[in-house]
A.B. asks: 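Okay, here's the structure, questions in a sec.
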Number of protein chains: 2
Amino acid sequence: MPHGGLLSNETGAALQQVRTEPIQQRSAARLSGLLDAAAAVVDEVGFDRITTAMVAERAGASIGTVYRYYPDRVAVLHALHERAVVRFRQRVVDELGASTLTSWWDAVDCVVTAFVGLYRTEPGFRIVNFDDRHGAPTADAVADADFFARRLADVLVNEFNLPAGAELIFRLEVAVEMADALLARAFHTDPVGDERFITECRLVLRDYLDRFYSPQALHLLAALS
Amino acid sequence: MPHGGLLSNETGAALQQVRTEPIQQRSAARLSGLLDAAAAVVDEVGFDRITTAMVAERAGASIGTVYRYYPDRVAVLHALHERAVVRFRQRVVDELGASTLTSWWDAVDCVVTAFVGLYRTEPGFRIVNFDDRHGAPTADAVADADFFARRLADVLVNEFNLPAGAELIFRLEVAVEMADALLARAFHTDPVGDERFITECRLVLRDYLDRFYSPQALHLLAALS
DNA sequence: TGGTCACCGAGTGGAATTCAATCATCTTGG
DNA sequence: CCAAGATGATTGAATTCCACTCGGTGACCA
């Protein structure tokens, strides 16, 4: 299942995600506690064997409490997914800030590094590969699909003068899909991640994007316009 | 989710897949009828919302009949998956037979064409993207993961003299993962398949493999040994 | 006409989800 | 600063839904 990996939107996140916005401060702790519990359970039994009871018990709460915050079981998974994505984005900007970037490639590399790092350390991070596929096409699935690609496009345009536009976004969408698949494959059985697939992922991304956005290609492009 | 797409194994297929081998001829019809029903339901509600009752009703059978042939719900999905894979392979060989192949690229192209064709016409074909992810690492997940890659490797080695070996298999595994992801993305919302992703898939595959197995690269390789 | 093969569908059990009762924390008038 | 409400938070028994079982019934075959 493609998509769902690096991608997500922000607006739709809180949209009916949480039943009741936490008012008192203890609720916030409860909420993140529930997600921590869910993450732990995901690591233990996988995210289709998860039960609401497990999450509740692990969080030291009762079943009812889970349902106070989330309308149903998959909503919990969605929330966990969202949190993972948020942390991923944070990690990316950290990574970007800590590195000296000499070309767009370094930025792409940072993204891969951030993803791999989280896969290794963040409990339940495999949830980023969760995408519940409905038969009925999810209403705004496409709308939020390319969110991350757009984000990344902005960075590449502003920092490295790549040509903005729908084409760049599409290319990045493709790149994200490929990276997602290869990295997920790297961690499919190996908890540390199969290095062969990780390095091949970097290679593929670079080659693919180089085809359009290498210095030479850009130079050529500039000459034409 | 990675793997599971174009891949599958053959040995594990019939292994505990069907509870009772059909003895009388009407049973065979029942069996395929159940799978047809399952395929229809998959198209309607997606393959995680599917219920045994839905399949039974759709097939004009009772719950018990479903369980006469399949030990549990996921076994039905596995069987449907297997059938899809079998039909896919058949389609690939048909396609290969009908085309005049001038290079390994044509063979790869045929595979993509077959996959896209089935996605468009075969009910429930999206099941090829089904891979039940357990928390406990599936015992032989890796073992059957590269089955299709090996198969394809055989063809490419025998027909187009690509250099056999673990490297080729790994490359094809990577290629399969990428193609799987991009094609699944193409059909994620669009039932006819987003042509942009399909053509980009062909492009990516060609570029990726060309890097190692283009005539020039092969020539170079031959010179070194 | 007995012996399998197929089939049925009410029944069982476990997990998902609800909800009315209870506890905890705020807040407001005195 | 302190009662009571008022409102948020929590609980867990009850309910619903769904996978799966099994004893009984008809269909085929020899």
Side-chain angles (χ1 to χ4, degrees), chain A residues 14 16-38 40-42 44-81 130 132 134-135, chain B residues 16-38 40-42 44-81 127 130 132-136:
Chain A
Q16 302 303 22
Q17 181 89 275
V18 180
R19 251 177 171 172
T20 304
E21 210 58 31
I23 306 290
Q24 303 174 0
Q25 65 285 36
R26 61 175 167 159
S27 306
R30 259 284 185 236
L31 240 165
S32 65
L34 285 174
L35 288 187
D36 290 341
V41 174
V42 161
E44 275 173 20
V45 305
F47 55 77
D48 36 2
R49 304 268 194 214
I50 202 173
T51 73
T52 53
M54 289 180 195
V55 175
E57 185 187 357
R58 186 65 161 245
S62 73
I63 305 278
T65 300
V66 175
Y67 284 91
R68 166 161 190 79
Y69 293 107
Y70 300 104
D72 59 19
R73 197 180 63 95
V74 300
V76 177
L77 294 176
H78 277 313
L80 187 59
H81 175 95
F130 166 74
D132 75 323
H134 305 295
Chain B
Q16 302 303 22
Q17 182 89 276
V18 180
R19 243 176 178 175
T20 304
E21 212 58 31
I23 306 290
Q24 302 175 1
Q25 66 285 36
R26 59 174 168 163
S27 306
R30 257 292 183 229
L31 238 164
S32 66
L34 285 174
L35 288 187
D36 291 341
V41 174
V42 161
E44 276 172 20
V45 306
F47 54 76
D48 33 2
R49 305 270 193 211
I50 203 173
T51 73
T52 52
M54 289 181 196
V55 175
E57 185 188 357
R58 188 64 161 244
S62 74
I63 306 275
T65 300
V66 174
Y67 284 92
R68 166 159 192 79
Y69 293 107
Y70 299 103
D72 58 19
R73 196 181 63 98
V74 300
V76 177
L77 294 176
H78 277 314
L80 187 58
H81 175 91
I127 193 71
F130 165 71
D132 70 326
R133 28 216 166 331
H134 306 294

A.B. asks: Can you measure B:Y70 atom OH to D:dT21 atom P for me and round it to whole angstrom units?
C.D. replies: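 Going from OH in B:Y70 over to P in D:dT21 covers 16 Å.
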
A.B. asks: Below 4.0 angstrom from OP1 or OP2 of D:dT11, is there any side-chain N or O of A:R30?
C.D. replies: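 For D:dT11, OP1 or OP2 has a side-chain N or O of A:R30 closer than 4.0 Å.
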
A.B. asks: Mind running a 4.0 Å heavy-atom check of residues 55-63 of chain A against DNA chain C and sending the residues that fall below it, in number order?
C.D. replies: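 Heavy-atom contacts with DNA chain C come from A:I63.
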
A.B. asks: 5'-most contact on DNA chain C: A:G64 or A:T51, nearest heavy atom basis?
C.D. replies: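 By nearest-heavy-atom nucleotide position, the 5'-most residue is A:T51.
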
A.B. asks: How many angstroms lie between atom NE2 of B:H78 and atom CG of B:D72, to the nearest 0.5 angstrom?
C.D. replies: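 The NE2 atom of B:H78 sits 8.0 Å away from the CG atom of B:D72.
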
A.B. asks: Please tell me if B:Y67 has a side-chain N or O lying less than 4.0 Å from either OP1 or OP2 of D:dC20.
C.D. replies: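 Checking D:dC20 against B:Y67, a side-chain N or O does come within under 4.0 Å of OP1 or OP2.
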
A.B. asks: Can you name the nearest heavy-atom pair linking B:A29 to B:S32, along with the distance?
C.D. replies: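 In terms of heavy atoms, the two residues are closest at O-OG, 3.2 Å.
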
A.B. asks: Specify the separation, in whole Å, of atom CZ of B:R49 and atom P of D:dC18.
C.D. replies: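 Answer to the nearest Å: 11 Å.
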
A.B. asks: Between P on D:dG8 and OH on A:Y69, what's the gap in Å once rounded to a whole number?
C.D. replies: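 One finds 12 Å between P of D:dG8 and OH of A:Y69, rounded.
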
A.B. asks: Can you name the closest pair of heavy atoms from A:I50 and A:R73 and give their distance?
C.D. replies: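 Nearest pair, atom of A:I50 first, then A:R73: O-NH1, 3.2 Å.
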
A.B. asks: Figure out the CG/C1' separation between A:D48 and D:dC18, and round it to whole Å.
C.D. replies: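 Going from CG in A:D48 over to C1' in D:dC18 covers 17 Å.
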
A.B. asks: Rounded to the nearest 0.5 Å, how far does CZ of B:R68 lie from CZ of B:R30?
C.D. replies: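 Here the rounded value is 11.5 Å.
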
A.B. asks: Looking at five pairs on each end of the helix from C:dT1-D:dA30 to C:dG30-D:dC1, what is the angle between the two axes, given to 10 degrees?
C.D. replies: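 About 10° separates the two local helix axes.
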
A.B. asks: Looking only at non-hydrogen atoms, find the nearest pair between A:L35 and A:A79 and report the distance.
C.D. replies: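 Closest approach of A:L35 to A:A79, heavy atoms only: CD2-CB, 3.9 Å.
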
A.B. asks: Determine, step by step, whether B:Y70 and B:L34 satisfy the side-chain contact (heavy atoms from CB on, under 4.5 Å) criterion, reporting the C-alpha distance in whole Å, the side-chain angles of both residues, the deciding distance to 0.1 Å, and the verdict.
C.D. replies: CA-CA 10 Å; B:Y70 299 103; B:L34 285 174; 4.3 Å; yes

A.B. asks: Using whole Å, what does the distance between atom P of nucleotide C:dA15 and atom CG of A:L77 come to?
C.D. replies: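 Computing the A:L77:CG to C:dA15:P distance gives 16 Å.
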
A.B. asks: A:R68 side chain: which of D:dG8, C:dA6, C:dT17 is closest?
C.D. replies: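 Output: D:dG8.
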
A.B. asks: Which atoms form the tightest heavy-atom contact between A:V55 and A:A37, and what is the distance?
C.D. replies: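 Between these two residues, the closest heavy atoms are O-CB, 3.6 Å.
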
A.B. asks: Locate the shortest heavy-atom distance separating B:A38 from B:V76; write the atom from each residue and the value.
C.D. replies: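 That would be CB-CG1, 3.9 Å.
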
A.B. asks: Do you know the tightest heavy-atom contact between B:R49 and B:M54?
C.D. replies: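 Minimum heavy-atom contact is O-CE, 3.6 Å.
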
